[in-house]
Protein chains: 2
Amino acid sequence: MTTRKDIAERNDRTLLQAARDVLAEDGAHASVAAIATRAGVGIGSLYRRYKTKEELFQRLSLLSLDHWNEAAEQGLADSDPWAGLTAFIHSCVAFGQGTLAPVAGTIEVTQEMSAKARRGDELLDELVRRAHQAGVLRRDVTAVDISLLIEQFGRSPVVDQLRKQGRGDLLPAAAEARRRLIAIALDGLRPGHGPLPGSPPGEELFTGRWSSE
Amino acid sequence: MTTRKDIAERNDRTLLQAARDVLAEDGAHASVAAIATRAGVGIGSLYRRYKTKEELFQRLSLLSLDHWNEAAEQGLADSDPWAGLTAFIHSCVAFGQGTLAPVAGTIEVTQEMSAKARRGDELLDELVRRAHQAGVLRRDVTAVDISLLIEQFGRSPVVDQLRKQGRGDLLPAAAEARRRLIAIALDGLRPGHGPLPGSPPGEELFTGRWSSE
DNA sequence: GCAGTTGCGGAGCGATTCGCTCCGGCATAG
DNA sequence: CTATGCCGGAGCGAATCGCTCCGCAACTGC
C-alpha cells in the first residue's frame, strides 16, 4: 500500500528528473506544463512544491552541482587517477550536466550555488592534477577542457530528438553510439598525441559562405 | 554606391546565415522575427523571399547538405587520407551542421534533400574507407561515429550562451577552447587505442537518483 | 523637377502558448 | 458518516507566435 506521503516524496524526486529531461529536449522553451505532465502530476501539485518556475530551476541547478561534487569526490576516492577521472566524466555526462546551460542565464544565481560551483572547480582541479602527475593525462589538457567536454557531451541532439519523436525503441542504439563517442574523446585525453591548438590546424577550410566564428 | 539590387543579393545570403545562427541559439524556439532582425532586414522582406517559415528552413537544410557534400569532396581531393578526413570534420563543425537537428522533425523532407543526404553518406563512407585502408583511423570507428561526432560538436552550448548574453568579447576564447576539444576528439580517432564499447566501461557509476538512460 | 513604380520595414491580426491561480471533487482520518 | 486537506486541471491575462498588408522612401523614365 502506498500512503499519500509516499506519493508526495516520490513526486518530489520525479519532478526534478522530469524537469531535467524536458529541459534536455526543449531547451529554454521548456514549459512548466510539460514538466508536470512528464512527471505524471498536475500543474497544481508542481506549484505547491515550488513557488515559481525559477525556484524549480534553481533547485535543479543545486542538485546538478551536488551531483558534480559527489561524483568528483567518488573519483578522488579511486586510487587509480585515470579510472577516477573517467568515472567522474562518465557520471556527469550521464547525469546530463549540460542540460541546464540554456536556462543558466535566466535564473538568479544564489551564493549557495556559486559556493558549490567553486568547490566543484577545486575538486576537478585536483582530479586533473593527480592524473597529470601520474602521467595518464596528456599535459596540455586543462581542467577547463574537461568541463567543456562534459558540457559538450552532456546534451545529445540525436537522443533528444529521438525521444521527442517518440522513437523510444531506437534510444538504446543511440545511447550506445553516444558512449562510443565519449570513449573516443576519452582516448584523445591520453598522453602521446601532438600538441593541442593554439591556432587551429586548418584555419581557412571553410567556404567563404559563413563569416561568423 | 550600393544599388538596391546589391542589397537584395546580400540579404539573400545574410538571411540564411542569420537563420542558422538564431537556430543555434534558440533551437526549435527560433522565431521568424528573430531571424529577420539578426539579418538586419524587416519581416516583410523575409516573407517576400520565402513564402513560409518552413520554406526558409528547407532552403537552409539544402544549403547545409550542399556544404557537407562539397566539404567531403574537397576532403577526398586531398591525397592524404587523414588530412582529408579531418579537414572535412573541421569544416562541418565550423559550419554548424548540428544546428538544424531541432527542426529536422518539423519540416517536410523533399526528395532532393534525401538524395543529397544519400550522396553525403556515400562520400563519408569513402572518406572513412580510405582512412581505414591507409591505417590512419582506428579500425573500430565507423562512418556513423563520424556523423555523430560532427553533430555533437556542431552545436556549442558555451558559445551559443555567450552570444545570447551579448558577451561577444569572450567568443574568441570560447571558440578556441572548442577547437581544443575537437582536436582532442580527433586524436581519439587515431589508431592505437583499446576497443570501443560494447558495454560501457563503468556501467553503474551513476547515483541511483536518475533512472533514465 | 515630377509622376510612376518598385520594394522595404514594421504595425497589427487572430491563434497559440506562456506562467500561474483557484476551485470542485475525491481519498483519507477520526 | 462527516470533516479535512491534497489533488488535477480549467481558465486567467499577458506574451509571443507566424503571417498579412499598407504607408513611405528610394529609384526610374520623361
Side-chain angles (χ1 to χ4, degrees), chain A residues 1-61 100 102-108 164, chain B residues 1-61 100 102-108 164:
Chain A
M1 166 204 169
T2 41
T3 76
R4 285 214 247 126
K5 191 149 200 177
D6 285 339
I7 294 175
E9 279 174 8
R10 215 189 46 175
N11 282 352
D12 233 1
R13 279 183 296 136
T14 315
L15 227 38
L16 290 166
Q17 177 175 352
R20 182 204 53 167
D21 289 345
V22 173
L23 223 42
E25 292 167 35
D26 299 346
H29 188 50
S31 72
V32 176
I35 294 172
T37 302
R38 170 72 59 107
V41 304
I43 303 177
S45 303
L46 190 154
Y47 273 98
R48 209 165 303 109
R49 248 158 269 279
Y50 303 97
K51 275 190 302 188
T52 63
K53 184 185 185 183
E54 178 172 18
E55 188 178 315
L56 169 64
F57 282 163
Q58 284 178 328
R59 181 80 189 81
L60 181 60
S61 181
L100 280 169
V103 292
T106 71
I107 64 176
E108 197 192 355
K164 200 185 307 196
Chain B
M1 166 201 169
T2 41
T3 76
R4 284 213 251 127
K5 192 149 199 179
D6 285 340
I7 295 174
E9 279 175 9
R10 215 188 45 174
N11 283 351
D12 233 2
R13 280 182 297 133
T14 316
L15 227 37
L16 289 166
Q17 176 172 353
R20 183 204 53 167
D21 289 346
V22 173
L23 223 41
E25 291 167 35
D26 298 346
H29 189 49
S31 72
V32 176
I35 294 172
T37 302
R38 169 72 61 107
V41 305
I43 302 177
S45 302
L46 190 153
Y47 273 97
R48 208 164 303 110
R49 248 160 270 278
Y50 303 97
K51 274 190 302 192
T52 64
K53 186 186 184 183
E54 179 172 18
E55 187 178 315
L56 169 64
F57 282 164
Q58 284 178 329
R59 180 81 189 83
L60 181 60
S61 181
L100 281 171
V103 293
T106 71
I107 65 176
E108 197 193 355
K164 199 184 311 194

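Below, chains carry the letters A, B, ... as their sequence lines are ordered, and counting in each starts from 1.
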Between [X] ([atom1]) and [N] ([atom2]), how many Å, whole number?
X	N	atom1	atom2	value
A/R38	D/dG9	CZ	P	17 Å
B/D26	D/dG18	CG	P	11 Å
B/E55	D/dG18	CD	C1'	14 Å
B/I35	C/dG9	CD1	P	16 Å
A/L15	D/dC7	CG	P	11 Å

Could I get the full list of side chain to side chain contact (heavy atoms under 4.5 Å, CB included) partners for A/T37, not counting sequence neighbours?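 Applying side chain to side chain contact (heavy atoms under 4.5 Å, CB included) to A/T37 gives none.
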Verdict with supporting geometry, B/L16 and B/Y50, side-chain contact (heavy atoms from CB on, under 4.5 Å): CA-CA 11 Å; B/L16 289 166; B/Y50 303 97; 3.8 Å; yes
Mind checking the CD-CD spacing from A/E55 to A/E108? Nearest 0.5 Å is all I need.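 Result: 12.0 Å between the selected atoms.
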Applying salt bridge (charged side-chain N to carboxylate O under 4.0 Å, His left out), run through B/R59 and B/E54 and close with a yes or a no. CA-CA 9 Å; B/R59 180 81 189 83; B/E54 179 172 18; over 6 Å; no
Please name all residues satisfying side chain to side chain donor-acceptor pair (under 3.5 Å) with A/Q58, sequence neighbours left out, ordered by chain then number. none
Only one of B/L56, B/L60, B/D26 passes side chain to side chain contact (heavy atoms under 4.5 Å, CB included) with B/I35; say which it is.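 Of the listed options, the one satisfying the test is B/L56.
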What string of B, S and - do you get for nucleotides 18-24 of chain C, 5' to 3', when a contact is any protein heavy atom under 4.0 Å? SSBB---
